[in-house]
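Comments concern the structure below.
One is the number of the first residue; the rest follow in order along the sequence. For ligands, and for the atoms within them, numbers begin at 1 and follow the listed sequence.
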Amino acid sequence: MFHLECIVCGQRYGAEEVVYTCSRCGNLLDVKYDYKLLEERLSKVDLKRRPLSVWRYRELLPIKDEGKIVSLKEGGTKLHYCRRLGEALGLKSLYVKTEGDNPTGSFKDRGMTVGITKALEYGFKAVICASTGNTSASLAAYAAKAGITCIVLIPSGKIAYGKLAQAIVYGAKIVQVKGNFDDALRIVMELSLKGKFYLLNSVNPYRVEGQKTLAYEVADQLGRPPSFLVVPVGNAGNISAIWKGFKEYKRLGFAEATPKMMGIQAEGASPIAEAVKLGLSEIRPVEKPETVATAIRIGSPVNWRKALNAIRESGGTAETVSDREIVEAQKLLARLEGLFVEPASAASIAGLRKLVEQGAIDKDELVVCVATGHGLKDPDTPVRFGEPPLEADKTLEAVVKILEER
Ligand code: F0G
């Protein structure tokens, strides 16, 4: 029903093989399905009868044994109509998909439910990943649920506190690497080739399949795909997966159109945005990525080729935002809509603001912004950049006085 195919040389791999990249040319792999058969077997009416969740779309996911599915009830996240934020940015129809609603607080859970299930199908007893925080939190939770060992490599001192707490409490073996995410990923990719640990970074084509369900959900929630889908980009798996989801929905006749994919990167870590803007056919990795949005502090995104395809094929574009713009956007979303998202997620709002100002997105367009992770993941950033609380003596008069002063 499905197999893997190299996105460059077309080499095929059977579903029984454990393979992460093409052994012939080293490029990324993609999962391919028999869409004709799916079209015959699946109807949108049937899908819509099931609860909104990743597994609503199980026939479109690369699982052989439904009995092995490891789920924490991921997906089915809310799509908020944001009237006040829309007005502030100059948009009539703005929605924010809050992926922080997922079990571990980020979109990674969509991928991990599929990824861990594959690990069990293949008979692995241990899983591994490199992470800027959310992947490790998610993998640790799903490994715990499955009862298998989880190893995570994280850049020393550069992951948000909430995410570290999650990996610790779920019982992962955590190794802080004295380097950045790109260094950690290189190590786990090499380690996974030894065959003992199943690699669950977004280079794994099965994991990102789970993430494409965000596209199906958005199309189902709105009744049609938006004109623009704005998403933060780090290792670039998510934008690629979401684009695949929209393409599949159209191909199956479940949607009439696809959105333009708008990828947002932090200025200090923006090789994909640079390649899009300069029309390069390959990215130029950033040696020392830096941004307050530690989730997307990545200089050499493994999925760059898929992401460039997604942006170009969809007719979208990419934009960069500064740390100041990210922090501003985080506040704006919280204060106008009551939604608290982490800095990387706020990058999509900051990017949207720029794209509207530049005229790249018209005020009448239907726009969905993906808020990839919950704000409580990174409580330090708002405290560091926000106004400190007032302080008063423990009397009514003192409190009244200080409130009047401000
Ligand atoms: N937003 C958040 C909150 C993330 O955690 C990430 C990636 C992204 C956006 C970017 O997604 O990598 O698919 O382009 N976090 C990874 C991690 C790298 O290790 O948690 P991407």
Candidates Val96, Val368, Ile264 - the one meeting side chain to side chain contact (heavy atoms under 4.5 Å, CB included) with Val230: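 Going through Val96, Val368, Ile264 one by one, the side chain to side chain contact (heavy atoms under 4.5 Å, CB included) with Val230 is satisfied by Ile264 alone.
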Atoms of ligand 1 less than 4.0 Å from [X] heavy atoms?
| X | value |
| --- | --- |
| Phe107 | 1 (N), 2 (C), 4 (C), 6 (C), 8 (C), 9 (C), 11 (O) |
| Val233 | 14 (O) |
| Asn134 | 2 (C), 3 (C), 4 (C), 5 (O), 20 (O) |
| Asn235 | 12 (O), 14 (O), 21 (P) |
| Ile298 | 18 (C) |
| Gly237 | 13 (O), 14 (O), 21 (P) |
| Ser131 | 17 (C), 19 (O), 20 (O) |
| Ile296 | 8 (C), 9 (C), 10 (C) |

Proximity of Glu342 to ligand 1 by residue part, where a heavy atom lies under 4.0 Å: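 For Glu342, the contact with ligand 1 is made by the side chain alone.
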With a heavy-atom distance limit of 4.0 Å, tell me whether Lys377 approaches ligand 1 through its side chain, its backbone, both, or neither. neither
Donor-acceptor contact present, side-chain Lys108 to main-chain Thr372, <3.5 Å: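 Not confirmed, Lys108 side chain does not pair with Thr372 backbone.
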Would you call [X] and [Y] a salt bridge, taking side-chain N to carboxylate O under 4.0 Å as the test?
| X | Y | value |
| --- | --- | --- |
| Lys212 | Glu209 | yes |
| Arg56 | Glu217 | no |
| Arg83 | Glu87 | yes |

Could you tell me the residue and atom name of the protein heavy atom closest to [atom], and the distance to it rounded to 0.1 Å?
| atom | result |
| --- | --- |
| atom 15 (N) of ligand 1 | Lys108 NZ, 2.9 Å |
| atom 13 (O) of ligand 1 | Asn238 N, 2.8 Å |
| atom 2 (C) of ligand 1 | Thr372 OG1, 3.3 Å |
| atom 20 (O) of ligand 1 | Thr135 N, 2.8 Å |
| atom 4 (C) of ligand 1 | Ala295 CB, 3.6 Å |

Mutual orientation of the aromatic rings belonging to Tyr57 and Tyr249 [parallel < 30°, tilted 30-60°, perpendicular > 60°]: perpendicular
Applying side chain to side chain donor-acceptor pair (under 3.5 Å) to Tyr33 and Glu59, what does each step give before you reach the verdict? CA-CA 10 Å; Tyr33 301 82; Glu59 289 87 349; over 6 Å; no
Contact check, Ala236 vs ligand 1, heavy-atom distance below 4.0 Å: yes
So which atom in [X] and which in [Y] form the shortest heavy-atom distance, rounded to 0.1 Å?
| X | Y | answer |
| --- | --- | --- |
| Phe181 | Arg297 | CB-O, 4.2 Å |
| Leu199 | Met189 | CD2-CG, 3.8 Å |
| Lys250 | Glu256 | CE-O, 3.2 Å |

Thr117 vs Tyr206, side chain to side chain donor-acceptor pair (under 3.5 Å): CA-CA, chis, key distance, verdict: CA-CA 10 Å; Thr117 302; Tyr206 292 126; over 6 Å; no
Thr132 to ligand 1: N or O pair under 3.5 Å?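 It does: an N or O of Thr132 is found under 3.5 Å from an N or O of ligand 1.
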